[in-house]
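Input: a single structure, listed below in C-alpha coordinates.
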Amino acid sequence: MSEKTNLSYEKKTVYDQAGSKVVEEAYDYAKGYVKYLDAAKTEREAVCESVKIAEAAGYRAWNFGEPMKAGDKLYYNNRGKNIFLFRIGTEPINNGIRITAAHIDSPRLDLKPVPLYEESGMSFLKTHYYGGIRKYQWLAMPLALHGVVIKQDGTPVEIVVGEDENDPVMYITDLLPHLARAQAGKPLNDVFSAEKLNILVGSRPVEGEDKDKVKMGVLNYLNEKYGITEDDFLSAELCIVPAARARDVGFDRSMICAYGHDDRVCAYPSLTAMIDSTDTTHTAMCLLVDKEETGSDGVTGMQSSLITDVIDEIAKAMGGNAAAVRANSKCLSSDVTATYDPNYADVYELRNASLIGCGVSICKYTGSGGKSGTSDASAELVGWVRRCLNEAGVVWQICELGKTDVGGGGTVAKYMAKHNVDTIDIGVGVLSMHAPYELISKVDLYEAYRAFKAFYQF
Ligand code: MN
Ligand code: MN
(Lines give C-alpha, C1' and ligand atoms only; values in the text may rest on other atoms or scores of the structure.)
(Ligands and ions follow the chains in the order given, each with its own letter.)
Protein backbone atom coordinates (compact mmCIF):
# COMPACT_ATOMS: atom_id res chain seq x y z
CA MET A 1 0.00 0.00 0.00
CA SER A 2 1.60 3.26 -1.08
CA GLU A 3 1.15 6.54 0.79
CA LYS A 4 -0.63 9.31 -1.05
CA THR A 5 1.87 11.82 -2.47
CA ASN A 6 1.41 15.32 -1.07
CA LEU A 7 1.04 17.43 -4.20
CA SER A 8 0.74 20.87 -2.64
CA TYR A 9 3.13 23.04 -0.60
CA GLU A 10 1.95 24.50 2.63
CA LYS A 11 3.81 26.39 5.33
CA LYS A 12 3.56 24.85 8.78
CA THR A 13 4.45 26.31 12.15
CA VAL A 14 7.17 24.97 14.40
CA TYR A 15 4.41 24.32 16.96
CA ASP A 16 2.56 22.01 14.52
CA GLN A 17 5.50 20.41 12.82
CA ALA A 18 8.15 20.01 15.52
CA GLY A 19 6.03 19.57 18.62
CA SER A 20 6.16 20.67 22.23
CA LYS A 21 9.55 19.16 23.08
CA VAL A 22 11.25 21.35 20.48
CA VAL A 23 9.24 24.37 21.68
CA GLU A 24 10.47 23.79 25.24
CA GLU A 25 14.05 23.50 23.94
CA ALA A 26 13.54 26.75 22.06
CA TYR A 27 12.42 28.61 25.21
CA ASP A 28 15.47 27.24 27.02
CA TYR A 29 17.88 28.15 24.23
CA ALA A 30 16.47 31.70 24.17
CA LYS A 31 17.75 32.30 27.72
CA GLY A 32 21.36 32.12 26.54
CA TYR A 33 20.53 34.39 23.64
CA VAL A 34 19.01 37.03 25.94
CA LYS A 35 22.21 37.05 28.01
CA TYR A 36 24.27 37.51 24.87
CA LEU A 37 22.04 40.39 23.72
CA ASP A 38 22.34 42.25 27.01
CA ALA A 39 26.11 41.82 27.15
CA ALA A 40 26.75 42.68 23.50
CA LYS A 41 25.10 45.86 22.23
CA THR A 42 27.99 46.92 19.96
CA GLU A 43 30.23 44.93 17.62
CA ARG A 44 33.16 45.33 20.04
CA GLU A 45 31.09 43.89 22.91
CA ALA A 46 29.81 41.10 20.63
CA VAL A 47 33.41 40.13 19.81
CA CYS A 48 34.27 40.02 23.54
CA GLU A 49 31.23 37.88 24.38
CA SER A 50 31.85 35.57 21.42
CA VAL A 51 35.48 35.08 22.48
CA LYS A 52 34.30 34.15 25.99
CA ILE A 53 31.85 31.57 24.60
CA ALA A 54 34.42 30.19 22.14
CA GLU A 55 37.26 29.95 24.66
CA ALA A 56 35.00 28.12 27.11
CA ALA A 57 34.51 25.58 24.27
CA GLY A 58 38.25 25.18 23.73
CA TYR A 59 38.85 27.68 20.91
CA ARG A 60 42.08 29.68 21.05
CA ALA A 61 43.44 32.80 19.40
CA TRP A 62 45.29 32.29 16.12
CA ASN A 63 47.40 34.68 14.08
CA PHE A 64 48.73 34.66 10.51
CA GLY A 65 51.78 32.42 10.07
CA GLU A 66 50.94 30.18 13.03
CA PRO A 67 50.58 26.47 12.30
CA MET A 68 47.28 24.60 12.34
CA LYS A 69 46.24 20.97 12.08
CA ALA A 70 43.14 18.83 11.88
CA GLY A 71 41.05 19.14 15.02
CA ASP A 72 42.27 22.65 15.87
CA LYS A 73 39.62 25.09 17.11
CA LEU A 74 40.82 28.62 16.41
CA TYR A 75 39.66 32.21 16.12
CA TYR A 76 41.08 35.33 14.54
CA ASN A 77 40.09 38.51 16.36
CA ASN A 78 40.19 41.32 13.79
CA ARG A 79 40.86 44.60 15.63
CA GLY A 80 38.31 43.73 18.31
CA LYS A 81 35.45 44.48 15.88
CA ASN A 82 34.97 41.29 13.95
CA ILE A 83 35.92 37.69 14.51
CA PHE A 84 36.44 34.61 12.35
CA LEU A 85 36.13 31.30 14.18
CA PHE A 86 37.17 28.10 12.50
CA ARG A 87 37.62 24.43 13.21
CA ILE A 88 39.90 22.34 10.99
CA GLY A 89 38.25 19.13 9.83
CA THR A 90 39.79 15.74 9.12
CA GLU A 91 38.72 15.47 5.47
CA PRO A 92 40.78 16.99 2.59
CA ILE A 93 40.61 20.80 2.76
CA ASN A 94 39.94 20.96 -1.00
CA ASN A 95 36.44 19.63 -0.21
CA GLY A 96 35.71 23.18 0.91
CA ILE A 97 34.62 24.87 4.11
CA ARG A 98 31.15 25.16 5.64
CA ILE A 99 30.84 28.87 6.39
CA THR A 100 28.19 30.93 8.16
CA ALA A 101 28.44 34.74 8.01
CA ALA A 102 26.43 37.00 10.30
CA HIS A 103 26.95 40.63 11.31
CA ILE A 104 27.31 42.02 14.81
CA ASP A 105 26.86 45.75 14.18
CA SER A 106 23.38 47.27 14.52
CA PRO A 107 21.79 50.61 13.64
CA ARG A 108 22.51 53.26 16.30
CA LEU A 109 23.73 56.81 16.83
CA ASP A 110 27.49 57.45 16.86
CA LEU A 111 28.96 60.54 18.53
CA LYS A 112 30.57 63.04 16.17
CA PRO A 113 34.32 63.73 16.65
CA VAL A 114 33.56 67.12 18.26
CA PRO A 115 30.29 66.26 20.00
CA LEU A 116 29.98 68.38 23.14
CA TYR A 117 28.32 71.82 23.28
CA GLU A 118 26.07 73.94 25.44
CA GLU A 119 22.93 75.82 24.49
CA SER A 120 20.20 77.48 26.58
CA GLY A 121 21.41 75.94 29.82
CA MET A 122 21.63 72.43 28.44
CA SER A 123 24.64 70.43 27.33
CA PHE A 124 24.36 68.06 24.37
CA LEU A 125 26.39 65.57 22.36
CA LYS A 126 26.10 65.74 18.55
CA THR A 127 25.51 62.41 16.77
CA HIS A 128 25.79 60.97 13.28
CA TYR A 129 23.43 58.05 12.81
CA TYR A 130 24.86 54.66 11.86
CA GLY A 131 22.81 52.48 9.51
CA GLY A 132 19.19 52.77 8.46
CA ILE A 133 17.16 54.26 11.28
CA ARG A 134 13.75 55.90 11.44
CA LYS A 135 14.90 58.97 13.33
CA TYR A 136 11.72 59.67 15.32
CA GLN A 137 11.95 56.25 17.01
CA TRP A 138 15.00 57.36 19.01
CA LEU A 139 13.38 60.37 20.67
CA ALA A 140 12.15 60.66 24.26
CA MET A 141 13.44 57.33 25.54
CA PRO A 142 16.28 56.19 27.83
CA LEU A 143 19.55 55.74 25.94
CA ALA A 144 22.95 54.36 26.93
CA LEU A 145 26.47 55.32 25.88
CA HIS A 146 28.84 52.49 24.91
CA GLY A 147 32.29 52.62 23.43
CA VAL A 148 35.96 53.32 23.72
CA VAL A 149 38.15 56.41 23.87
CA ILE A 150 41.74 56.02 22.70
CA LYS A 151 43.92 58.53 24.50
CA GLN A 152 46.85 60.16 22.71
CA ASP A 153 49.32 57.71 24.30
CA GLY A 154 47.24 54.78 22.99
CA THR A 155 45.57 53.87 26.28
CA PRO A 156 41.99 52.67 25.70
CA VAL A 157 39.27 53.86 28.07
CA GLU A 158 36.13 51.71 27.97
CA ILE A 159 32.89 53.56 28.64
CA VAL A 160 29.46 52.10 29.37
CA VAL A 161 26.89 54.42 30.96
CA GLY A 162 23.18 53.72 31.26
CA GLU A 163 23.06 49.93 31.67
CA ASP A 164 23.35 49.59 35.45
CA GLU A 165 20.08 50.54 37.14
CA ASN A 166 21.99 53.09 39.25
CA ASP A 167 23.50 54.74 36.15
CA PRO A 168 22.07 57.89 34.62
CA VAL A 169 20.79 57.53 31.04
CA MET A 170 20.99 59.79 27.98
CA TYR A 171 17.97 61.34 26.23
CA ILE A 172 16.89 63.05 23.02
CA THR A 173 14.06 65.54 23.35
CA ASP A 174 10.93 65.50 21.19
CA LEU A 175 8.42 68.19 20.26
CA LEU A 176 5.29 68.40 22.42
CA PRO A 177 2.00 67.74 20.54
CA HIS A 178 0.67 71.13 21.70
CA LEU A 179 3.23 72.88 19.48
CA ALA A 180 3.47 70.31 16.69
CA ARG A 181 0.69 71.64 14.46
CA ALA A 182 3.04 72.71 11.67
CA GLN A 183 5.17 69.58 11.99
CA ALA A 184 2.16 67.26 11.82
CA GLY A 185 1.38 68.29 8.25
CA LYS A 186 4.87 67.58 6.87
CA PRO A 187 6.23 64.36 5.33
CA LEU A 188 8.07 62.11 7.81
CA ASN A 189 11.45 62.55 6.12
CA ASP A 190 11.32 66.36 6.33
CA VAL A 191 10.31 66.52 9.96
CA PHE A 192 13.06 64.59 11.67
CA SER A 193 16.47 65.98 10.85
CA ALA A 194 19.69 64.16 11.66
CA GLU A 195 21.14 67.33 13.19
CA LYS A 196 18.37 67.31 15.81
CA LEU A 197 19.47 63.92 17.17
CA ASN A 198 21.42 65.62 19.96
CA ILE A 199 21.93 63.77 23.22
CA LEU A 200 21.05 65.71 26.37
CA VAL A 201 23.76 65.05 28.97
CA GLY A 202 23.54 67.85 31.53
CA SER A 203 21.80 70.97 32.82
CA ARG A 204 23.62 71.85 36.07
CA PRO A 205 26.12 74.71 35.85
CA VAL A 206 29.40 74.60 37.77
CA GLU A 207 30.68 77.53 39.75
CA GLY A 208 33.92 79.32 38.97
CA GLU A 209 33.54 79.24 35.16
CA ASP A 210 32.89 82.28 32.97
CA LYS A 211 31.06 80.55 30.13
CA ASP A 212 29.67 77.15 29.12
CA LYS A 213 29.11 76.36 32.79
CA VAL A 214 26.97 73.29 32.08
CA LYS A 215 29.35 71.91 29.47
CA MET A 216 32.22 72.40 31.94
CA GLY A 217 30.26 70.40 34.49
CA VAL A 218 30.05 67.52 31.99
CA LEU A 219 33.78 67.76 31.25
CA ASN A 220 34.60 67.81 34.98
CA TYR A 221 32.57 64.63 35.45
CA LEU A 222 34.20 62.86 32.49
CA ASN A 223 37.65 63.86 33.70
CA GLU A 224 37.04 62.65 37.24
CA LYS A 225 35.40 59.39 36.20
CA TYR A 226 37.41 58.43 33.09
CA GLY A 227 40.46 60.70 33.12
CA ILE A 228 39.58 62.12 29.69
CA THR A 229 39.47 65.64 28.28
CA GLU A 230 37.41 67.13 25.45
CA ASP A 231 40.07 66.43 22.80
CA ASP A 232 39.94 62.70 23.66
CA PHE A 233 36.58 62.63 21.81
CA LEU A 234 38.61 63.11 18.61
CA SER A 235 39.93 59.56 18.81
CA ALA A 236 36.90 57.71 20.14
CA GLU A 237 34.14 55.37 19.01
CA LEU A 238 31.20 56.17 21.23
CA CYS A 239 27.76 54.84 20.39
CA ILE A 240 24.29 55.67 21.64
CA VAL A 241 22.06 52.61 21.98
CA PRO A 242 18.74 51.96 23.77
CA ALA A 243 19.29 51.57 27.51
CA ALA A 244 16.88 48.77 28.37
CA ARG A 245 17.40 45.03 28.38
CA ALA A 246 15.93 42.24 26.27
CA ARG A 247 12.50 41.12 27.53
CA ASP A 248 10.09 38.28 26.87
CA VAL A 249 6.98 39.45 25.00
CA GLY A 250 3.44 38.08 25.16
CA PHE A 251 1.48 36.22 27.84
CA ASP A 252 2.91 33.02 26.38
CA ARG A 253 6.45 34.49 26.44
CA SER A 254 6.88 33.26 22.87
CA MET A 255 8.74 36.34 21.63
CA ILE A 256 11.64 38.56 22.66
CA CYS A 257 11.95 42.31 22.18
CA ALA A 258 15.45 43.74 22.28
CA TYR A 259 17.87 46.13 20.70
CA GLY A 260 19.99 44.60 17.92
CA HIS A 261 18.24 41.35 16.97
CA ASP A 262 19.48 42.37 13.50
CA ASP A 263 21.77 40.53 13.36
CA ARG A 264 22.68 39.03 16.71
CA VAL A 265 19.63 36.77 16.30
CA CYS A 266 21.68 35.05 13.57
CA ALA A 267 25.17 35.66 15.02
CA TYR A 268 24.40 33.85 18.28
CA PRO A 269 22.90 30.71 16.69
CA SER A 270 25.70 30.63 14.08
CA LEU A 271 28.32 30.73 16.82
CA THR A 272 26.65 28.22 19.14
CA ALA A 273 25.76 25.87 16.26
CA MET A 274 29.37 25.81 15.09
CA ILE A 275 30.62 25.10 18.61
CA ASP A 276 28.00 22.37 19.12
CA SER A 277 28.43 20.68 15.72
CA THR A 278 31.35 18.45 16.64
CA ASP A 279 30.09 15.33 14.88
CA THR A 280 31.57 16.13 11.45
CA THR A 281 34.71 15.79 9.35
CA HIS A 282 34.20 19.14 7.55
CA THR A 283 36.23 22.25 8.17
CA ALA A 284 33.84 24.86 9.58
CA MET A 285 33.94 28.64 9.85
CA CYS A 286 31.75 31.19 11.58
CA LEU A 287 32.25 34.81 10.51
CA LEU A 288 30.90 37.58 12.73
CA VAL A 289 31.46 40.78 10.81
CA ASP A 290 31.14 44.52 11.32
CA LYS A 291 29.88 47.39 9.12
CA GLU A 292 27.06 45.46 7.39
CA GLU A 293 24.59 48.22 8.26
CA THR A 294 26.69 50.79 6.41
CA GLY A 295 27.63 48.73 3.34
CA SER A 296 30.25 46.22 4.58
CA ASP A 297 33.12 48.60 3.79
CA GLY A 298 36.22 49.03 5.92
CA VAL A 299 38.81 46.62 7.31
CA THR A 300 36.29 44.99 9.65
CA GLY A 301 33.52 44.66 7.04
CA MET A 302 32.76 41.71 4.76
CA GLN A 303 34.31 43.48 1.75
CA SER A 304 37.77 43.40 3.37
CA SER A 305 40.21 40.83 1.92
CA LEU A 306 40.48 39.15 5.31
CA ILE A 307 38.23 36.27 4.23
CA THR A 308 40.49 35.33 1.31
CA ASP A 309 43.60 35.84 3.47
CA VAL A 310 42.31 33.39 6.08
CA ILE A 311 41.11 30.81 3.53
CA ASP A 312 44.50 31.07 1.73
CA GLU A 313 46.28 30.41 5.00
CA ILE A 314 44.08 27.42 5.90
CA ALA A 315 44.48 25.96 2.39
CA LYS A 316 48.26 26.34 2.55
CA ALA A 317 48.56 24.88 6.05
CA MET A 318 46.39 21.88 5.16
CA GLY A 319 48.09 21.18 1.82
CA GLY A 320 45.21 22.33 -0.39
CA ASN A 321 44.63 24.81 -3.19
CA ALA A 322 42.93 28.01 -2.03
CA ALA A 323 40.93 28.48 -5.24
CA ALA A 324 39.66 24.90 -5.01
CA VAL A 325 38.76 25.40 -1.36
CA ARG A 326 36.68 28.46 -2.23
CA ALA A 327 35.03 26.79 -5.23
CA ASN A 328 33.93 23.86 -3.06
CA SER A 329 32.88 25.88 -0.01
CA LYS A 330 29.32 26.76 0.91
CA CYS A 331 28.18 29.79 2.86
CA LEU A 332 25.01 30.56 4.73
CA SER A 333 24.73 34.33 4.82
CA SER A 334 22.96 34.46 8.16
CA ASP A 335 20.93 37.61 8.33
CA VAL A 336 17.43 38.61 9.31
CA THR A 337 14.43 39.09 7.08
CA ALA A 338 11.14 40.93 7.61
CA THR A 339 8.37 38.98 9.33
CA TYR A 340 4.90 39.50 7.85
CA ASP A 341 3.10 42.15 9.88
CA PRO A 342 -0.72 42.18 9.50
CA ASN A 343 -0.74 45.82 10.66
CA TYR A 344 1.21 46.76 7.52
CA ALA A 345 -0.09 44.02 5.24
CA ASP A 346 0.10 46.20 2.11
CA VAL A 347 3.93 46.09 1.92
CA TYR A 348 4.11 42.29 1.99
CA GLU A 349 3.20 39.63 -0.54
CA LEU A 350 1.66 37.06 1.75
CA ARG A 351 2.44 33.93 -0.28
CA ASN A 352 6.14 34.78 -0.29
CA ALA A 353 6.45 36.42 3.11
CA SER A 354 8.18 35.10 6.23
CA LEU A 355 5.51 34.15 8.79
CA ILE A 356 6.08 34.26 12.52
CA GLY A 357 6.59 30.84 14.08
CA CYS A 358 7.10 29.05 10.75
CA GLY A 359 10.78 28.49 11.36
CA VAL A 360 13.99 29.85 9.89
CA SER A 361 13.62 31.84 6.66
CA ILE A 362 15.55 31.27 3.45
CA CYS A 363 15.80 34.08 0.90
CA LYS A 364 16.94 32.83 -2.48
CA TYR A 365 17.65 36.45 -3.34
CA THR A 366 17.56 39.81 -1.56
CA GLY A 367 18.23 43.21 -3.17
CA SER A 368 15.43 45.30 -4.65
CA GLY A 369 13.13 45.52 -7.68
CA GLY A 370 14.33 43.52 -10.68
CA LYS A 371 16.64 41.48 -8.42
CA SER A 372 19.26 44.20 -8.45
CA GLY A 373 22.11 43.98 -5.96
CA THR A 374 21.73 40.31 -5.09
CA SER A 375 23.86 37.22 -5.60
CA ASP A 376 20.67 35.10 -6.10
CA ALA A 377 21.45 31.54 -4.97
CA SER A 378 21.15 28.85 -7.65
CA ALA A 379 18.33 26.29 -7.68
CA GLU A 380 21.04 23.67 -7.14
CA LEU A 381 22.16 25.36 -3.92
CA VAL A 382 18.59 25.82 -2.68
CA GLY A 383 17.99 22.14 -3.46
CA TRP A 384 21.06 21.13 -1.48
CA VAL A 385 20.03 23.25 1.53
CA ARG A 386 16.46 21.93 1.28
CA ARG A 387 17.72 18.34 1.49
CA CYS A 388 20.08 19.24 4.36
CA LEU A 389 17.38 20.92 6.47
CA ASN A 390 14.61 18.41 5.74
CA GLU A 391 16.80 15.43 6.62
CA ALA A 392 17.56 17.10 9.96
CA GLY A 393 13.85 17.86 10.58
CA VAL A 394 14.40 21.63 10.67
CA VAL A 395 11.27 23.76 10.22
CA TRP A 396 12.00 26.35 7.54
CA GLN A 397 10.24 28.59 5.05
CA ILE A 398 11.24 30.49 1.95
CA CYS A 399 10.50 34.18 1.52
CA GLU A 400 11.13 37.55 -0.05
CA LEU A 401 11.61 40.76 1.92
CA GLY A 402 8.35 42.57 1.11
CA LYS A 403 6.48 43.19 -2.13
CA THR A 404 8.41 43.66 -5.35
CA ASP A 405 9.20 47.36 -5.95
CA VAL A 406 8.14 48.44 -2.45
CA GLY A 407 11.70 48.57 -1.14
CA GLY A 408 14.37 46.02 -0.42
CA GLY A 409 17.54 45.26 1.42
CA GLY A 410 20.87 43.51 1.10
CA THR A 411 23.17 41.32 3.16
CA VAL A 412 26.80 40.16 3.06
CA ALA A 413 25.80 37.30 0.68
CA LYS A 414 26.97 39.07 -2.47
CA TYR A 415 30.39 39.83 -0.96
CA MET A 416 30.92 36.15 -0.13
CA ALA A 417 29.70 35.10 -3.57
CA LYS A 418 32.34 37.41 -5.10
CA HIS A 419 34.98 34.98 -3.81
CA ASN A 420 33.43 32.12 -5.80
CA VAL A 421 31.76 30.70 -2.69
CA ASP A 422 28.21 29.35 -3.18
CA THR A 423 26.14 31.54 -0.83
CA ILE A 424 22.51 31.67 0.25
CA ASP A 425 20.64 33.94 2.66
CA ILE A 426 19.02 32.32 5.66
CA GLY A 427 17.99 33.84 8.97
CA VAL A 428 15.35 34.77 11.47
CA GLY A 429 12.31 36.91 10.67
CA VAL A 430 12.10 40.17 12.62
CA LEU A 431 9.19 42.53 13.34
CA SER A 432 9.93 46.27 13.65
CA MET A 433 13.33 45.72 12.04
CA HIS A 434 15.85 48.54 12.72
CA ALA A 435 13.65 50.01 15.47
CA PRO A 436 15.36 50.57 18.84
CA TYR A 437 13.44 47.52 20.05
CA GLU A 438 12.96 44.76 17.51
CA LEU A 439 10.88 41.61 17.95
CA ILE A 440 11.58 37.95 17.18
CA SER A 441 9.97 34.58 17.88
CA LYS A 442 11.81 32.10 20.11
CA VAL A 443 10.93 29.10 17.95
CA ASP A 444 12.22 30.86 14.82
CA LEU A 445 15.48 31.61 16.64
CA TYR A 446 15.83 27.97 17.66
CA GLU A 447 15.15 26.68 14.14
CA ALA A 448 17.98 28.96 12.94
CA TYR A 449 20.28 27.25 15.44
CA ARG A 450 19.08 23.83 14.31
CA ALA A 451 19.50 24.83 10.65
CA PHE A 452 23.07 26.07 11.13
CA LYS A 453 23.95 22.93 13.05
CA ALA A 454 22.49 20.75 10.30
CA PHE A 455 24.51 22.71 7.71
CA TYR A 456 27.79 22.27 9.57
CA GLN A 457 27.19 18.53 9.95
CA PHE A 458 25.48 17.58 6.64
MN1 MN B 1 21.12 42.49 8.98
MN1 MN C 1 19.97 45.66 9.14
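All ligand and atom numbering here is 1-based and tracks the order in the structure.
- At a cut-off of 3.5 Å, with distance as the only test, no side-chain donor of His103 or Asn82 sits close to an acceptor on the other residue.
- Only protein N, O or S atoms were considered, and those under 2.8 Å from the Mn ion (ligand 2) are Asp262 OD2, Glu293 OE1, Glu293 OE2, His434 NE2.
- Contacts of Tyr36 classified as ring-ring contact (aromatic ring centres under 6.0 Å, His included), with partners at least two apart in sequence or in another chain: Tyr268.
- At a threshold of 4.0 Å, the pair Asp405-Lys403 does not count as salt-bridged, since none of the basic side-chain nitrogens sits closer than that to a carboxylate oxygen.
- Ring centroids of Tyr446 and Tyr29 are separated by less than 6.0 Å, placing the two rings close together.
- For the pair Lys12 and Gln397, the minimum side-chain heavy-atom distance is 4.5 Å or more.
- Aromatic ring centres of Tyr33 and His261 lie closer together than 6.0 Å.
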